[in-house]
Asks: 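The following block contains the structure, expressed as structure tokens.
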Amino acid sequence: MPDVLLARYADCIFWLARYVERAENLARILDVNETFSRDSRGGQNWRSIVQLNSDEERFFASHDTAAVQSVVSFYVIDGDNPTSIVSTIRYARENARTLRPLISTEMWVQLNVFYNRLAGMSAADLAPGKLAALFGAIKEACQTHTGITEGTFFRDQGWYFYQLGRYIERADQTTRLLDIKYHLLLPSGSDVGSPTDVSQWNALLRSAAGYHAYRRLHTASTTPGRVAGFLLLNQAFPRSVHHCVREAGRLLGEVKSRYMLRHGNDAAEELDRLRAVLGTLDIVTILSEGLHEFVDLLQQQLSATTRDLSTAFFGYSPEAAPSQTVTPQ
């Protein structure tokens, strides 16, 4: 295979990685929210999932209330919802079909089996007692895809765009996972530091697969500031925003240098600015100025990076460049 990578293939590889990462993180968000919903604000908690994904208009067009059954069904098995897990894995599979000349047989087979398993699910598979196991199985299938890709995907230009997509999506989803607890589920002043509040922050860490890593740094107590700082700023935790932004910037610099790509400077500058902000601010400053506002700013800059990559490498015009989702043709 020549070193030249078609823009269409680069686009598909980038979004293949993003969709699988998105499905895993949505399963994590639903999983932690199932834990949150056991308190007195359960109904509000499930509505927050809909708000977080900006799906209120679409959701309430077919559902009266944001209850656990309707929200889980909407985000797991509803094929008409483009943000559901079954839809994101379908998009990943369609991108993988386009990429059959480039990806390994093992990558294709695993995604195909995963999608067919999701597509065959019904409401009976979403019973409350089955949710924890279901979300665990979805996360495990997404991680299996990542492991197969790590072990079988040829290290050429396509590999770099796959990794870029994975890290940008992971950074974005980590901000959303943090936002769901700190902003949408923010307890009253009397609840801060209570056993319920601490257990929710611990559940949040577990949903990001960061509980044990966090405990290696903070053995004494769990506080909102420490958890937020860990998920945003820790450079050693692979799901922190800082780590993901740093890796995305490194990968973009390497692919431009190794393959002498002239474009992508705007995206590189966006990532450099993000890395500089994350490297200079401390969590006390971020919290004092508003965590939700800071997280919202990060999401805007990550969206701008995606648009810049789309116009530089994937053949999109500036007006048509996607920032959050792209449906395979």
Side-chain angles (χ1 to χ4, degrees), residues 5 7-8 10-22 25-26 29 51-55 82-83 88 91 95 157 160-180 182-183 228 231-233 235 239-257 261-281 285-286 289-328:
L5 180 68
R8 179 167 64 99
D11 187 29
C12 287
I13 292 169
F14 180 82
W15 285 102
L16 165 61
R18 291 198 66 160
Y19 282 129
V20 174
E21 187 71 27
R22 187 172 300 178
N25 280 279
L26 180 52
I29 288 173
Q51 295 171 328
L52 190 66
N53 289 281
S54 302
D55 282 333
T83 60
T88 55
Y91 299 152
N95 278 310
Q157 284 189 60
Y160 284 97
F161 285 107
Y162 180 94
Q163 296 296 324
L164 272 169
R166 184 162 70 98
Y167 279 114
I168 289 173
E169 183 69 27
R170 181 174 290 182
D172 180 75
Q173 293 297 328
T174 295
T175 64
R176 294 174 188 274
L177 187 63
L178 180 60
D179 204 24
I180 198 174
Y182 198 89
H183 179 67
L231 292 177
L232 286 173
L233 306 177
Q235 297 188 47
R239 290 186 176 275
S240 79
V241 177
H242 194 174
H243 176 88
C244 292
V245 167
R246 185 187 65 197
E247 286 299 296
R250 178 185 64 81
L251 288 160
L252 181 56
E254 283 189 12
V255 73
K256 283 172 54 63
S257 174
L261 303 178
R262 294 176 298 156
H263 303 295
N265 291 333
D266 288 343
E269 290 175 5
E270 285 283 355
L271 290 170
D272 283 343
R273 281 195 291 269
L274 265 176
R275 187 173 59 219
V277 168
L278 292 165
T280 55
L281 289 181
T285 302
I286 293 171
E289 296 181 358
L291 180 61
H292 174 68
E293 290 73 17
F294 181 72
V295 163
D296 192 53
L297 177 63
L298 293 180
Q299 291 171 359
Q300 291 177 29
Q301 290 189 268
L302 290 167
S303 293
T305 301
T306 299
R307 288 192 296 269
D308 292 338
L309 290 170
S310 299
T311 56
F313 300 118
F314 306 154
Y316 290 93
S317 66
E319 297 77 19
S323 61
Q324 282 299 320
T325 187
V326 60
T327 303

Asks: So among L297, L298, L231, which one has a side chain to side chain contact (heavy atoms under 4.5 Å, CB included) with T175?
Replies: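 The option that passes is L298.
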
Asks: Can L291 and D179 be said to form a side chain to side chain contact (heavy atoms under 4.5 Å, CB included), step by step?
Replies: CA-CA 8 Å; L291 180 61; D179 204 24; over 6 Å; no

Asks: Nearest heavy-atom pair of A267 and T305: which atoms, and what distance?
Replies: CB-O, 4.1 Å

Asks: Do S257 side-chain atoms and G253 backbone N/O form a donor-acceptor pair below 3.5 Å?
Replies: no

Asks: Stepwise, does the salt bridge (charged side-chain N to carboxylate O under 4.0 Å, His left out) test hold for E247 with R275?
Replies: CA-CA 10 Å; E247 286 299 296; R275 187 173 59 219; over 6 Å; no

Asks: SG of C244 to CG of L302: how many Å apart, nearest 0.5 Å?
Replies: 9.0 Å

Asks: Within a strict 4.5 Å, meaning less than it, do heavy atoms of the R176 and N25 side chains meet?
Replies: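 A side-chain contact under 4.5 Å is absent here.
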
Asks: Got a second to check how far C12's SG is from F314's CZ, nearest 0.5 Å?
Replies: 9.5 Å

Asks: Supply the atom-to-atom distance L274 CG to Q301 CD, rounded to the nearest 0.5 angstrom.
Replies: 4.0 Å

Asks: Under 3.5 Å, is there a donor-acceptor pair between the N53 and T83 side chains?
Replies: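 Side chains of N53 and T83: no pair found under 3.5 Å.
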
Asks: Heavy atoms only: give me the nearest A312-G264 pair and the separation to one decimal.
Replies: CB-N, 3.5 Å

Asks: Return the CG to CG distance between L281 and L232, rounded to the nearest 0.5 Å.
Replies: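 Reported to 0.5 Å precision, the distance equals 10.0 Å.
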
Asks: What distance separates Q299 CD from T174 OG1, expressed to the nearest 0.5 Å?
Replies: 10.5 Å

Asks: Please assess F161 against L5 for the test side chain to side chain contact (heavy atoms under 4.5 Å, CB included), listing each intermediate value before the final yes or no.
Replies: CA-CA 10 Å; F161 285 107; L5 180 68; 3.8 Å; yes

Asks: Can you find a side-chain donor-acceptor pair between Q235 and R246 that sits under 3.5 Å?
Replies: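 Yes, because at least one side-chain N or O of Q235 sits under 3.5 Å from a partner of the opposite role on R246.
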
Asks: One pair to check against side chain to side chain contact (heavy atoms under 4.5 Å, CB included): V245 and I168. What are the steps and the verdict?
Replies: CA-CA 7 Å; V245 167; I168 289 173; over 6 Å; no

Asks: So, Q163 and R166: side-chain donor and acceptor under 3.5 Å apart, yes or no?
Replies: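 Yes, a side-chain donor-acceptor pair sits under 3.5 Å.
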
Asks: Counting C-beta onward and ignoring hydrogens, is there a side-chain heavy-atom pair between E254 and Y160 closer than 4.5 Å?
Replies: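 The answer is yes; the side chains approach within 4.5 Å.
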
Asks: Can the ring centroids of F14 and F313 be said to lie less than 6.0 angstrom from one another?
Replies: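 No: the rings miss the under 6.0 Å criterion.
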
Asks: Measuring from atom OH of Y316 to atom OG1 of T306, what distance do you get when rounded to the nearest 0.5 angstrom?
Replies: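 Atom-to-atom, Y316:OH and T306:OG1 are 11.5 Å apart.
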
Asks: On the 0 to 90° scale, with breaks at 30° and 60°, tag the W15-Y19 ring pair as parallel, tilted or perpendicular.
Replies: tilted

Asks: Just do the salt bridge (charged side-chain N to carboxylate O under 4.0 Å, His left out) check on R18 and E21 with the steps written out, would you?
Replies: CA-CA 5 Å; R18 291 198 66 160; E21 187 71 27; over 6 Å; no

Asks: Check the pair E269 / N265 against side chain to side chain donor-acceptor pair (under 3.5 Å), numbers first and verdict last.
Replies: CA-CA 6 Å; E269 290 175 5; N265 291 333; over 6 Å; no

Asks: Could you go through D266 and E270, starting from their C-alpha distance and side-chain angles, then the distance that decides it, and tell me whether this counts as side chain to side chain contact (heavy atoms under 4.5 Å, CB included)?
Replies: CA-CA 6 Å; D266 288 343; E270 285 283 355; 5.7 Å; no

